[in-house]
Amino acid sequence: KKCLFARPAAGPLGTMVYRAQALWYRAPLALVAALLGREALRRAARRARERELAQRAAEKKAARDAVPHPALREAMQAATAAAPEQQERERRLLLLTATELRAAMARREATCEEVTLAFCRRCFELGGWRTGGDSALNCVAEENYDAALELARELDRRTSDEDWADVERYPLLGVPVSVKDQIIQKGFDATMGAAARCFQWGPSGAPEDGLHMRLLLEAGAIPFVRTNTPQALMMPESANNVWGTSRNPFDPRRTPGGSSGGEGGLVAGRCSPLGIGTDIGGSVRIPCTFCGIYGLKPTQERVTKQGVAVSRLGDRNGQTIIKGVTGPMAHCVEDLAAVLQAWFRPSVWQRDALLPRMPFNRDVFAGLPSTSESGEVVASGRRRLRVGWFRTDGWFHPCAAVERAVEEAAEALQKAGHEVSEVMLPAGLDGWKAAALYMGVMGAEGNMHGFVEGLEGEPLHEMYGTLKFISDIPNMFRPALRGLLRMMGEQRKSQLLSMTRSGGWSVREFYEIVADVEAFRKEWAKFLRDERFDVVLFPGLALPAFRHGQSKELNQACSYTFLMNLLGWPAGSCPVTQVRQDEQSYPLERLPASQRDGMARQCAEAMEGSAGLPVGVQLAAPPYEDELVLYAMHELQRALPFDGLPPMEGLRAKL
């Protein structure tokens, strides 16, 4: 037998033939070997980067845990040794709202140091990770207790009676404030749950405060703790590889929400009287609904974006159709208004020329009749509102407890003297259209490219598994898969598959989506104008707080918050009631045929054991009507107050 590469007859031609044959067979093998080698090197580099980031995250957490907080510990020892009357005084302070705390300090009934110590101590003991087990909320990212106590003592020394009386200049004077781990603060990182953001400015943290932090300080606030978020900020559950998983004070088996979930958990657990979050898909309102507190997503254009980090590579985000915005979270509407007074003022406009010159309108917030076109008033003499309400967006039907909450809120407003009318959303304005447009914009780049790039080598958290899987499905398989899903009764998953495209939309396709968004916004504005509604009332979320890990499958239950981000309207969350024993189910027979799918079965699992969880509603109005939304929320708070205290073991005992 001849060898495959046996040398032919001697001579130049024979040599050339031999070499050509050898190259013909060896070149592909060499190319395959080179490609495999390059892929092996890439994988090795990727694994090395992942190990580096995991080590960085571990070092960051260890550095936080090692901070001794000597001033706080000394003050806590003194407080523990104090008389029982003094300890009871501290407990009473924890139950006050931010507005009530400021008023008490202005009357000299409490000092800034007393108030700050009370919340620092509670947060230190219960808000973080120290107690371990289910009694630890783990809502804390980083701590600023000693500096907060020092600032409180300074305020006690230098604040005059005139300063306390100047509520317009110092609306948050002496009030301890927690901030989301996205707000840039001197001496700290803004990790947003990403390992790559740990030590981004070196071991000393940010070199200076961002504008948002400066505004809080100028209003007299005392920032004392930073709070946990989901990795990359785009999930309704606060869990990441740096700080871990946050727990809901109403049920530790469930999430406090996201992405401002740490704020929701601390405020609800009375570990903070006032929190600052951010919202691009419900990130303020979802935790407020899950945790039974009040919150506001303001009009995006009225609040500065300076001093707020972005979870994208280089803090650059080219998606500007749906904009994120900071928003307050608290135990009452008055506290939300106090934060907006600190943000809507001339000193801010001088430093951010992009903001409209619109100061906070106290007359509208107070409900003065002169602010109404009709001039109609309720029995109390305040402005009479025309409220339109709907119980479902048609995309994700709410559970029985949420449906009852909307009905009770509508009835309460009507009894308060306001004109209330139920409406059915037309097909072009419902959740099916809104979900398609919201996901089309937010997923426009395809394959979750911006999220992955912003993590700089850290793997996506498992919470994103379903969304990442959908975004990576090859386009050639999508039409057939959509048809198969429809045949299986999975109408919503079929639509989700059509909302994104592997590799992203083309420029022409994206322009069409943007045009559809603008048309959708115009139709909603026309709908409100034609019906002569001042505000709309609707579910806060379709479900109460999810169990840990369920956000991967149930994120579409947040369609009610997505809607207002898509429209760009100011929207506020109000707690209304709690799930009853007979409401711990999600019967499929209640649903339209298009929603009897796998998501609905996941909802049924989420509702098991949900008795006692808070549920609430949203109130919203067209852009720049922030004060009107706050007035409507205040009217609902008066008519239907909510004061649910978390039953979580450890928290209840401490109060």
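Positions are given from 1 along the sequence.
- The closest donor-acceptor contact from the side chain of Thr111 to the backbone of Glu114 lies under 3.5 Å.
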**Item:** Derivation and outcome, side chain to side chain donor-acceptor pair (under 3.5 Å), residues Ser246 and Ser238
**Value:** CA-CA 6 Å; Ser246 296; Ser238 294; 5.1 Å; no

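- Without hydrogens or angle criteria, Gln182 side chain to Ala190 main chain gives no donor-acceptor distance under 3.5 Å.
- For Arg130 and Phe124, the positive end sits near the middle of the six-membered ring, less than 6.0 Å away and at most 45° from its axis.
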**Request:** Apply side chain to side chain contact (heavy atoms under 4.5 Å, CB included) to Asn248 and Thr255, showing your working.
**Result:** CA-CA 5 Å; Asn248 191 313; Thr255 177; 5.9 Å; no

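- Between the side chain of Glu553 and the main chain of Met599, no donor-acceptor pair closer than 3.5 Å is present.
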**Candidate pair Val615 and Val576, rule side chain to side chain contact (heavy atoms under 4.5 Å, CB included), full reasoning** = CA-CA 6 Å; Val615 290; Val576 172; 5.9 Å; no

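- For Arg312, the side-chain contact (heavy atoms from CB on, under 4.5 Å) partners two or more places apart in sequence, or in a different chain, are Val310, Asn317, Phe451.
- In terms of heavy-atom proximity, Gly269 sits nearest to Pro249 at N-CG, 4.1 Å.
- Between the side chain of Asp279 and the backbone N or O of Val284, at least one donor-acceptor pair lies under 3.5 Å.
- The pair Arg73-Asp146 does not count as a salt bridge, with every side-chain nitrogen at least 4.0 angstrom from each carboxylate oxygen.
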**Asked** Checking side chain to side chain contact (heavy atoms under 4.5 Å, CB included) for the pair Glu143/Arg226: CA distance, chi angles, key distance, verdict?
**Response** CA-CA 6 Å; Glu143 300 165 311; Arg226 300 176 62 80; over 6 Å; no

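- The side-chain contact (heavy atoms from CB on, under 4.5 Å) test with Tyr145 singles out one residue from Val67, Leu72, Thr116, and that residue is Leu72.
- Of the N and O atoms on the side chains of Lys297 and Ser573, not one donor lies less than 3.5 Å from an acceptor on the other residue.
- In the model, Lys552 has no side-chain atom that pairs as donor or acceptor with a side-chain atom of Thr466 under 3.5 Å.
- With hydrogens and angles disregarded, a donor-acceptor distance shorter than 3.5 Å links the side chain of Asn138 to the backbone of Trp243.
- Side chain of Asn565 to main chain of Gly282: a donor-acceptor pair is present (N/O by atom type, distance under 3.5 Å, no hydrogens or angles).
- A side-chain donor-acceptor contact under 3.5 Å links Thr227 to the backbone of Val179.
- Judged by distance alone, with hydrogens and angles left aside, the side-chain atoms of Gln584 form a donor-acceptor pair with the main-chain N or O of Ala611 at under 3.5 Å.
- The one candidate from Thr191, Asn228, Thr229, Asn240 that meets the side-chain hydrogen bond (donor to acceptor under 3.5 Å, both in side chains) condition with Asp181 is Thr191.
- When Leu340, Leu215, Thr326, Val339 are each tested for a side-chain contact (heavy atoms from CB on, under 4.5 Å) with Val303, only one passes: Thr326.
- Among all heavy-atom pairs drawn from Phe250 and Pro647, the shortest one is CD2-CD, 3.8 Å.
- Taking 4.0 Å as the cut-off between side-chain N and carboxylate O, Arg89 and Glu85 do not count as a salt-bridged pair.
- Side chains of Glu334 and Gln637: a donor on one and an acceptor on the other come within 3.5 Å.
- Ion pairing between a basic and an acidic side chain is recognised when a charged N comes within 4.0 Å of a carboxylate O; Asp163 and Arg157 show no such pairing.
- Cation-pi geometry between Arg102 and Trp164 is not satisfied (NZ or CZ under 6.0 Å from the ring centre, within 45° of the ring normal).
- Defined by atom type and a distance below 3.5 Å, a donor-acceptor pair is present between the side-chain atoms of Ser283 and Ser259.
- In this structure, Tyr560 has its ring center no closer than 6.0 Å to that of Phe396.
- By the 6.0 Å and 45° rule, Lys60 stacks over the aromatic ring of Phe199.
- Here the closest non-hydrogen pair linking Met633 and Gly295 is CE-O, 3.6 Å.
- Across all non-hydrogen atoms, the minimal contact from Ala57 to Cys198 is CA-SG, 4.2 Å.
- Scanning all heavy atoms of the two residues, the minimum distance from Asp189 to Gly205 falls at OD1-CA, 4.2 Å.
- Residue Cys271 is tested with Arg122, Arg121, Glu125 for a side-chain contact (heavy atoms from CB on, under 4.5 Å); the sole match is Arg122.
- Without hydrogens or angle criteria, Glu605 side chain to Gln602 main chain gives no donor-acceptor distance under 3.5 Å.
- Considering every non-hydrogen atom in both Arg270 and Leu95, the closest pair reads NH1-O, 3.2 Å.
- Remark: the backbone N or O of Arg153 is not paired with any side-chain donor or acceptor of Glu113 at under 3.5 angstrom.
- Side chains of Glu90 and Gln86: a donor-acceptor N/O pair is absent below 3.5 angstrom, by distance only.
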**Asked** Can you list the steps and then say if Leu543 with Leu554 is a side chain to side chain contact (heavy atoms under 4.5 Å, CB included)?
**Response** CA-CA 9 Å; Leu543 301 170; Leu554 292 178; 4.0 Å; yes

